[in-house]
Amino acid sequence: MAETKREIERKYEAAAGTDVPDLTRVRDVATVADEGVVELDAVYHDTPDLRLAADSITLRRRTGGSDAGWHLKFPVAVGVRDEIRAPLSDTLPPDLAALLRSRVRGGEVVPVVRLRSARDVRRLLDADGGLLAELSVDTVRARRLPKGPRASWTEIEVEAADDADPGILDAVEKRLRKAGVRPSDAPSKLARALAETAPEAHGPDDHPDTAPPAAPGTAGAAVLAYVREQAEAIVALDPAVRRDLPDAVHQLRVACRRLRSALKTYRSVLDRNATDPLGDELKWLAGELGVARDQEVLAERLRGRLTDMPRPLRLGPVKARLRIWDTARTKDARRKAVAALDSDRYLALLGRLDALLADPPLREAAGRDAAKVLARAVRKDHARLAARVDRALSLAPGHERDLALHEARKAAKRTRYAADAARPTLGKPAKKFSKRVKKVQSLLGEHQDAVVARATLRDLAVQAHAAGETAFTWGLLYGREEAAADAAERELPEVWARAVPL
């Protein structure tokens, strides 16, 4: 079973034979324990075209040292990575392979670089003997595989202990800099190895220049940049969903919806004959992910409602019943989301997005001024939203109005996403407009959440009654959700009046 470790480290240039300064002069460091030299042998894997390295992801199979096995590292921030470990085996463990699926697709990973390191380790300890950080002087020998160029260098690596204050790295760096040691330009050993063992560049005739699909400043360039951003977000968020990281499902779902909205809004730029089928697939994926996200939102809402209710009004095992309901539905929802990411249909969608970006189906408007084309499209979406809001407000309270308000919510989301896509082009006006529409969307979202919560509360009341429990508390919560929906409806005209178009 794979395990995850947060790695916070810094790397420094070092000449062979570099002397490490006295680190007991570093704040909080009482002693430095010399652990001796460890021989490490790591083979780094990637796709033949180095897709993992392009996204600063490293995959290695290491022997030697205390952590022999497979290591997969995802960047989190500068100097911070999540390292996911699996036991040593001859082939890539399935758990790690799944985390790479959105990038590797139907291909395979192969050995690309071998690094053999002599690691001279020092442990930096506080006055109580607690580990603050580990410093190593690594003498590295790299070879491009299978039989490519070689390179060698020496570097200093400092990694904060798991429970230590990361500020220890600043203190150590200050001491190293005083001794003339400077930070490395390479973010990782693999990045340096790939750079220093790269095959000689081909001649200019081997890679003729190709013109970009749309000229800078045009609507085509602006829309394609946004489409690419969302497509890359889908790929990047896939492993986060599989790892069940906080908010990952929501962010992946948002990327799907943003991309689908852009394809709809900017049909004057991209041919809908090519983009509509893609939109259908993005709708499918967002729907599969939505089960998990909707359950998360609803459960959090109901837990909050119960917590806010005075104890004398919480009759019966209401918290236990809610917990059982949530546990069962959350497990099913997560299984559904991961099954979608494991499907061939999902891989086909990623491939079609790549094809769209490689050969975009641009229409005549794609060559026009971006500001004019994008502003017109945003205004058109606003008009569509206005029609839906006006219709909803014209209806009497009840089921039909609830449905109409939900449709208005979806239109508000699309309008907001359209404005967000136009922000790099239109600047502050688009940003302000997006904020105004977001308030409308949020209010309509509160209304819809209350509608959905009422249906769930009724189901829970029925289950409680059938089990011989009182349904009193569920009925009270139902009434509070009715009040929340009514309040949102009363507030909508005022909030909508402020959402003036661009």
Side-chain angles (χ1 to χ4, degrees), residues 209-235 254-286 349-390 407-438 440-441 499-502:
D209 292 335
T210 56
T218 62
V223 172
L224 286 175
Y226 186 77
V227 169
R228 184 178 301 280
E229 178 184 341
Q230 302 311 316
E232 290 176 350
I234 292 173
V235 171
V254 167
C256 292
R257 285 180 164 177
R258 284 184 178 275
L259 180 48
R260 180 169 177 257
S261 292
L263 297 179
K264 285 177 172 289
T265 296
Y266 297 110
R267 283 171 171 167
S268 65
V269 176
L270 296 173
D271 188 351
R272 65 178 300 175
N273 290 322
T275 60
D276 279 0
L278 267 177
D280 292 340
E281 293 304 285
L282 289 165
K283 181 180 180 180
W284 159 77
L285 180 56
L349 168 60
L350 296 182
R352 291 169 71 176
L353 288 174
D354 286 346
L356 176 78
L357 290 166
D359 186 18
L362 298 176
R363 301 185 64 196
E364 182 180 351
R368 298 174 186 162
D369 178 69
K372 293 181 179 179
V373 174
L374 270 60
R376 187 182 303 117
V378 173
R379 286 193 290 268
K380 185 176 180 180
D381 272 358
H382 181 271
R384 179 171 170 270
L385 168 59
R388 292 197 180 186
V389 171
D390 290 345
E407 290 302 310
R409 177 198 184 192
K410 291 190 286 186
K413 190 173 295 186
R414 173 171 160 179
T415 304
R416 174 190 157 208
Y417 290 162
D420 289 343
R423 280 176 61 176
T425 300
L426 302 179
K428 287 185 178 180
K431 181 179 180 179
K432 292 180 179 179
F433 175 70
S434 175
K435 287 184 176 180
R436 295 194 294 268
V437 175
K438 184 178 181 179
V440 176
Q441 176 194 327
V500 294
L502 282 170

Original post:
Does T415 reach the main-chain N or O of A411 with its side chain, forming a donor-acceptor pair under 3.5 Å?
Top reply: yes
Subject >> Heavy-atom closest pair, residues P216 and A221 >> reply: CA-CB, 4.2 Å
**OP:** Compare all side-chain heavy atoms of T265 with those of V223 and state whether any distance is below 4.5 angstrom.
**Re:** no
Original post:
Would a distance-only check, ignoring hydrogens and angles, find a side-chain to backbone donor-acceptor pair under 3.5 Å from R379 to P501?
Top reply: no
Subject >> Sidechain-backbone polar pair: Y266 side chain, V373 backbone, donor-acceptor under 3.5 Å >> reply: no
**OP:** Indicate yes or no for a side-chain donor-acceptor contact from H382 to the backbone of A499 under 3.5 Å, with no hydrogens or angles considered.
**Re:** yes
Subject >> Nearest heavy atoms of A422 and L374, plus distance in Å >> reply: CA-CD2, 3.8 Å
Original post:
Can you find a pair of side-chain heavy atoms, one from I234 and one from L349, that are under 4.5 Å apart?
Top reply: no
Subject >> Approximate separation, where rounding is to 0.5 Å, of T275 OG1 and R352 CZ >> reply: 10.5 Å
Subject >> Heavy-atom closest pair, residues G279 and L263 >> reply: N-CD1, 4.4 Å
**OP:** Would you give the length of the straight line joining atom NZ of K372 to atom OG1 of T425, rounded to the nearest 0.5 angstrom?
**Re:** 14.0 Å
Subject >> Verdict with reasoning, K410 to E407, per side chain to side chain contact (heavy atoms under 4.5 Å, CB included) >> reply: CA-CA 5 Å; K410 291 190 286 186; E407 290 302 310; 3.0 Å; yes
**OP:** For residues A274 and P361, report the shortest heavy-atom separation together with the two atoms involved.
**Re:** CB-CG, 3.6 Å
Subject >> Contact check, side chains of L362 and L270, non-hydrogen atoms, under 4.5 Å >> reply: yes
Original post:
Do you know the tightest heavy-atom contact between C256 and L285?
Top reply: SG-CD2, 3.6 Å
Subject >> 4.5 Å side-chain heavy-atom contact, R258 and V254 >> reply: yes
**OP:** To the nearest 0.5 angstrom, please state how far the CG atom of L350 sits from the CD atom of E281.
**Re:** 11.0 Å
Original post:
Any idea which heavy atoms bring A255 and A233 closest together, and the distance?
Top reply: CB-CB, 4.0 Å
Original post:
Taking the side chain as C-beta and beyond, is there a heavy-atom pair between R368 and S268 under 4.5 Å?
Top reply: no
Subject >> Polar side chain donor-acceptor pair, Q441 to R416, under 3.5 angstrom >> reply: yes
Original post:
Got a salt bridge between R267 and D276, using NZ or NE/NH1/NH2 to carboxylate O under 4.0 Å?
Top reply: yes
**OP:** Indicate yes or no: at least one non-hydrogen side-chain atom of R436 is less than 4.5 angstrom from one of K432.
**Re:** yes
**OP:** State the CZ-CZ distance between R257 and R414, to the nearest 0.5 angstrom.
**Re:** 14.0 Å
**OP:** Check whether the side chains of R260 and Y417 place a donor and an acceptor atom closer than 3.5 Å, and report yes or no.
**Re:** no
Subject >> Side-chain heavy atoms of V227 within contact of L353, under 4.5 Å >> reply: no
Original post:
Out of curiosity, R423 CZ to D420 CG, how far, rounded to the nearest 0.5 Å?
Top reply: 6.0 Å
